[in-house]
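Below is one structure, written out as structure tokens; comments come after it.
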Amino acid sequence: LTNCIMDRSIYGDVIFSRMLMEDGEMTVEEFNVYEELLFNMLEHIKKPKLMIYLESSVDHALSQIKKRSREYELIVPRQYWESLNTHYRDYFDNYDLSEILINVDGLDFSNNEADRDYILNLIDQKVNSLI
């Protein structure tokens with residue numbers, strides 16, 4: 001494949017691995033092995049042309065989670081979402097492999113057609129500029 005769109009990618013997996021290590025679910029040694037393997041794999045794949053990171057505040061994310069009403073998300077403590085948000089921000093503050101889009105705080109692209117069109121147009125413009 002020359003072009004593809006992925007919901008989650010190898011680039012963001014390190015966020016969850018780091019959280020597992022910090023929570024004691026993975027040892028420092030296991031995390032170091034994971035990171036070494038990750039960096040090795042990243043050397044052998046093409047860098048993305050565009051990373052679409054849907055940045056959102058914890059409050060906005062939690063309101064979306066409540067709307068979805070998925071039981072497994074509703075039982076997750078706020079502290080986890082805050083930690084995840086912090087880790088994502090830290091990761092993307094240092095991300096330099098490609099351009100990044102989009103802050104979606106305050107947008108409801110699931111239920112508001114104007115918000116959805118706004119985001120899709122941003123993505124479309126950026127993708128077309130990269131071609």
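These numbers were taken from a predicted model, which means no experiment stands behind them.
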Which pair of heavy atoms, one from [X] and one from [Y], lies closest together, and at what distance?
| X | Y | answer |
| --- | --- | --- |
| Gly106 | Asp115 | O-OD2, 4.4 Å |
| Val104 | Ser56 | CG2-CB, 4.1 Å |
| His60 | Leu107 | NE2-O, 2.9 Å |
| Gly12 | Tyr91 | N-OH, 4.4 Å |
| Ser83 | Met19 | OG-CE, 3.6 Å |

Between Asn121 and Asp124, a side-chain donor and acceptor under 3.5 Å: no
[atom1]-[atom2] distance between [X] and [Y], expressed to the nearest 0.5 angstrom:
| X | Y | atom1 | atom2 | answer |
| --- | --- | --- | --- | --- |
| Trp81 | Thr86 | CH2 | OG1 | 13.5 Å |
| Leu20 | Phe16 | CG | CZ | 9.0 Å |
| Leu42 | Phe39 | CG | CZ | 7.5 Å |
| Ile15 | Asp90 | CD1 | CG | 9.0 Å |
| Ile123 | Asn128 | CD1 | CG | 12.0 Å |
| Leu120 | Glu113 | CG | CD | 10.0 Å |

Exceeds 12 heavy-atom contacts within 6.0 angstrom, atom CD of Glu36: no
CA sep, side-chain torsions, deciding dist, call: Val127, Lys49, side chain to side chain contact (heavy atoms under 4.5 Å, CB included): CA-CA 8 Å; Val127 167; Lys49 294 179 182 176; over 6 Å; no
Partners passing ring pair (Phe, Tyr, Trp, His ring centres under 6.0 Å) against Tyr88 (at least two apart in sequence or in another chain): Tyr53
Salt-bridge present (Arg89, Glu55; N to O < 4.0 Å): yes
Note: Arg116-Asp108 ion pair, threshold 4.0 Å (strictly below): no
Test side chain to side chain contact (heavy atoms under 4.5 Å, CB included) applied to Ile10 and Met41, step by step: CA-CA 9 Å; Ile10 191 171; Met41 289 188 296; 3.7 Å; yes
For residues [X] and [Y], determine if any side-chain heavy atom of one lies less than 4.5 Å from a side-chain heavy atom of the other.
| X | Y | result |
| --- | --- | --- |
| Leu97 | Met51 | no |
| Ile52 | Leu54 | yes |
| Tyr80 | Asn85 | no |
| Arg78 | Leu62 | yes |

Please report, to 0.1 Å, the donor-acceptor pairs under 3.5 Å made by any side chain of residues 69-76, with sequence neighbours excluded.
from: Ser69; atom 1: OG; to: Lys66; atom 2: O; distance (Å): 3.0
from: Glu73; atom 1: OE1; to: Arg68; atom 2: NE; distance (Å): 3.1
from: Glu73; atom 1: OE1; to: Arg68; atom 2: NH2; distance (Å): 3.2
from: Glu73; atom 1: OE2; to: Arg68; atom 2: NH2; distance (Å): 3.1

Connected via hydrophobic side-chain network under 4.5 Å: Val33 and Leu38: no
Check: His87 side chain, Val14 main-chain N or O, donor-acceptor pair, under 3.5 Å: no
Of all pairs that satisfy salt bridge (charged side-chain N to carboxylate O under 4.0 Å, His left out), the ones with a partner from residues 9-34, not counting sequence neighbours: Arg18-Glu35
